[in-house]
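Once you've had a glance at the structure underneath, I'll fire off some questions.
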Amino acid sequence: MIISTLPRNAFHDIKEYMKSCDYFMDAAYPNSLMSKEAKKYNCTIIPGEEWLVNQALASFKIFTEKIFHIQLKMTRINGF
């Protein structure tokens with residue numbers, strides 16, 4: 001897994017890591033240069049919007065001990 005917190009238009013050459021990448025989490029949105037590069041290596045992209053929503057759901061559960069049910073088209077991560 002690679003986690004990128006670079007700004008949307010930033011790029012850093014990490015080809016050596018991309019070759020073994022299964023998941024690429026990108027804090028920037030929408031569609032950063034790094035996500036576009038990760039797609040070339042068939043990494044599963046977890047976009048910033050999805051990351052943010054799922055982080056919020058996990059935080060809600062921690063703070064309230066309740067599960068907030070939400071169904072969004074972009075959500076692929078389950079368990080919260």
Side-chain angles (χ1 to χ4, degrees):
M1 176 181 290
I2 296 174
I3 300 173
S4 174
T5 59
L6 293 172
R8 181 174 177 257
N9 293 319
F11 183 80
H12 186 70
D13 187 5
I14 57 171
K15 290 178 188 170
E16 64 183 276
Y17 302 106
M18 292 285 195
K19 293 175 184 175
S20 63
C21 173
D22 291 322
Y23 294 94
F24 185 88
M25 294 181 71
D26 191 5
Y29 49 89
N31 296 326
S32 74
L33 293 176
M34 293 300 292
S35 284
K36 290 177 184 177
E37 184 69 13
K39 286 179 186 177
K40 295 178 187 176
Y41 291 89
N42 295 318
C43 298
T44 299
I45 309 297
I46 301 172
E49 299 94 330
E50 185 174 335
W51 187 0
L52 177 65
V53 167
N54 283 287
Q55 183 178 7
L57 292 173
S59 296
F60 182 84
K61 182 179 176 184
I62 290 168
F63 293 120
T64 66
E65 297 181 358
K66 297 177 183 176
I67 296 174
F68 186 83
H69 295 283
I70 185 169
Q71 185 174 356
L72 297 174
K73 182 179 177 183
M74 67 176 154
T75 303
R76 288 182 291 215
I77 301 173
N78 296 317
F80 296 110

Reported OG-to-CD1 distance for the pair Ser4 and Ile46, which is rounded to 0.5 angstrom: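 With rounding to 0.5 Å, OG (Ser4) is 12.5 Å from CD1 (Ile46).
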Output the distance between atom CD1 (Ile62) and atom CG (Leu57), rounded to the nearest 0.5 Å.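 So the gap between those two atoms works out to 11.0 Å.
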To the nearest 0.5 Å, how far apart are CG in Asp26 and CE in Met34?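 If we round to the nearest 0.5 Å, Asp26:CG and Met34:CE are 8.0 Å apart.
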Measure across Asn31 and Lys39 and return the closest heavy-atom pair with its distance rounded to 0.1 Å.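 Answer, listing the atom of Asn31 first, then Lys39: OD1-NZ, 4.1 Å.
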Taking ring-ring contact (aromatic ring centres under 6.0 Å, His included) as the test, write out the residues that go with Phe60, two or more places apart.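 With neighbours one apart ignored, the set is Phe68.
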Quick one: OG1 on Thr44 to CE on Met1, what's the gap to the nearest 0.5 Å?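 CE of Met1 is found 9.5 Å from OG1 of Thr44.
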Connected via hydrophobic side-chain network under 4.5 Å: Leu6 and Tyr17: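 Leu6 clusters together with Tyr17.
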Between Cys43 and Phe24, which heavy-atom pair has the shortest distance, and what is it?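 Scanning both residues completely, I find the closest heavy atoms to be CB-CB, 4.1 Å.
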Give the cluster check for Ile45 versus Phe11: same hydrophobic cluster or not, with ILVMFWY residues linked at side-chain heavy-atom distances below 4.5 Å.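 Hydrophobic grouping puts Ile45 with Phe11.
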Same apolar cluster: Tyr29 and Trp51, side chain cutoff 4.5 Å: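 Each belongs to a different hydrophobic cluster.
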Report the residues that fulfil salt bridge (charged side-chain N to carboxylate O under 4.0 Å, His left out) with Lys15, sequence neighbours left out, ordered by chain and then residue number.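 Lys15 satisfies salt bridge (charged side-chain N to carboxylate O under 4.0 Å, His left out) with no other residue.
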Interatomic distance, His12 atom NE2 to Glu37 atom CD [nearest 0.5 angstrom]: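 CD of Glu37 is found 12.0 Å from NE2 of His12.
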